[in-house]
Amino acid sequence: MVPYSDPPSQYNWLRQDAVTVAKLLLSYELVSQIGGTETAGRIVETEAYCGEIDPASHAFRGPTLRTAPMFEAGGQIYVYLSYGIHTCMNIVAGPAGTAGAVLIRALEPSRGVNTMQTRRRTTNLWQLCSGPGKLTQALGIGLALSGSRLGAELSLRAITPGPIPETIIAGPRVGISRAKDLPWRFTIADNKFVSKR
DNA sequence: GGAATGATGTACT
DNA sequence: GTACATCATTCCG
């Protein structure tokens with residue numbers, strides 16, 4: 001028998017800090033198998049939330065029932081309800097206990113566009129996944145997925161062998177009231193599918 | 001037990 | 001640009 005170690009995973013790179021992971025995720029496609037049809041989009045906008053040291057993070061005041069998935073090792077999925085209506089999805093980053101997370105804020109639609117259009121009740125490609133609540137609706141992501149891990153219903157696919165050729169822009173995060181000035185929102189320069197302009 | 005609060009999206013003026 | 005829908009979670013008393 002080999003001594004105990006972490007299970008082999010193609011997702012071990014997610015155990016880096018949330019800011020690093022937020023930038024690396026911009027070279028990946030987020031793929032959903034939910035509902036039996038594959039839907040997917042390239043990640044073009046992310047935000048890093050840095051656990052108990054970040055006043056804007058849901059993990060800032062320590063673990064709760066809701067935020068428990070954030071305290072697992074990188075690769076966990078954390079979904080929460082926003083404004084009573086919208087679900088937003090995070091990929092947990094860092095070693096277990098650090099509670100880093102990356103909010104996925106926008107996708108460039110790539111697969112299952114027809115299904116996404118039906119779920120979103122719009123045919124406008126630019127508006128299918130251009131916001132954290134929009135993309136969860138398009139991919140069929142609900143609260144029940146919180147606490148699951150990447151690799152089953154949701155997975156990541158590399159788009160480029162290495163870093164993306166485009167420039168990554170860093171700026172302040174959207175819609176928060178604390179730690180407004182930290183430049184932890186990352187977008188692909190000039191991409192037309194991000195949530196703002 | 002009760003009230004305040006959002007990591008938002010859409011519709012309307 | 002402003003209004004508001006809508007509810008799980010959190011915090012306070």
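Each chain gets a letter, A, B and so on, in the order its sequence line appears, and its residues count up from 1.
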- Item | Nearest-angstrom distance from the residue atom CE of A/Met70 to P of B/dA7 | 11 Å

- Query: Quick one: A/Leu103 CG to B/dT8 P, roughly how many Å, whole number?
  - Reply: 8 Å

- Nearest-Å distance for atom pair CZ/P, residues A/Arg121 and B/dA11: 12 Å

- Message: Tell me whether the side-chain N/O atoms of A/Lys134 come closer than 4.0 Å to OP1 or OP2 in B/dT10.
- Response: yes

- Message: If you only use heavy atoms from C-beta on, which nucleotide in B/dT10, B/dA7, B/dT8 is closest to the side chain of A/Val174?
- Response: B/dT8

- Measure the CZ-OG distance between A/Arg105 and A/Ser130 for me, rounded to the nearest 0.5 Å. 10.0 Å

- Item | Aromatic ring pairing A/Tyr28/A/Trp13, orientation class (parallel under 30°, perpendicular over 60°, tilted between) | parallel

- Message: From NZ of A/Lys196 over to C1' of B/dT8, roughly how many Å is that when rounded to an integer?
- Response: 12 Å

- Task: Check whether the side chains of A/Gln127 and A/Thr122 place a donor and an acceptor atom closer than 3.5 Å, and report yes or no.
- Result: no

- Task: Measure the distance from OH on A/Tyr80 to C1' on C/dT10 and round it to the nearest whole Å.
- Result: 15 Å

- Query: Roughly, in whole Å, what's the span from CG in A/Asn124 to P in B/dG9?
  - Reply: 14 Å

- Message: If you count every heavy atom of other residues, nucleotides or ligands that lies below 6.0 Å from A/Asp181 atom CG, does the total exceed 12?
- Response: no

- Query: With a 4.0 Å cut-off on heavy atoms, is A/Leu81 in touch with a base, just the backbone sugar-phosphate, or nothing at all?
  - Reply: sugar-phosphate

- Query: On DNA chain C, nearest-nucleotide positions of A/Leu143 versus A/His86: which is more 5'?
  - Reply: A/His86

- Query: Just checking, is any N or O donor in the side chain of A/Gln137 or A/Arg120 under 3.5 Å from an acceptor N or O on the other one?
  - Reply: yes

- Item | N or O in side chain of A/Thr64 less than 4.0 angstrom from C/dT10 OP1/OP2 | yes

- Aromatic ring of A/Tyr83 stacked on base six-ring of B/dG9, 5.5 Å, 30°: no

- Message: Is there a side-chain contact between A/Arg61 and the phosphate of C/dC11, meaning an N or O under 4.0 Å from OP1 or OP2?
- Response: yes

- Query: Now, which nucleotide makes the Watson-Crick or G-U wobble pair with B/dA7, with each of the two distances under 3.5 Å?
  - Reply: none

- Starting at CD1 of A/Ile85 and ending at P of B/dA11, how long is that distance when rounded to a whole Å? 12 Å

- Assign A/Arg178 to base, sugar-phosphate, or nothing according to its heavy-atom contacts below 4.0 angstrom with the strands shown. nothing

- Out of B/dA7, C/dT10, C/dA5, whichever nucleotide has its closest atom nearest the side chain of A/Arg66: C/dT10

- Mapping A/Ser57 and A/Gln127 onto DNA chain B by nearest heavy atom, which one lands closer to the 5' end? A/Ser57

- Query: Rounding to a whole Å, what distance do you find between A/Arg105:CZ and B/dA7:P?
  - Reply: 11 Å

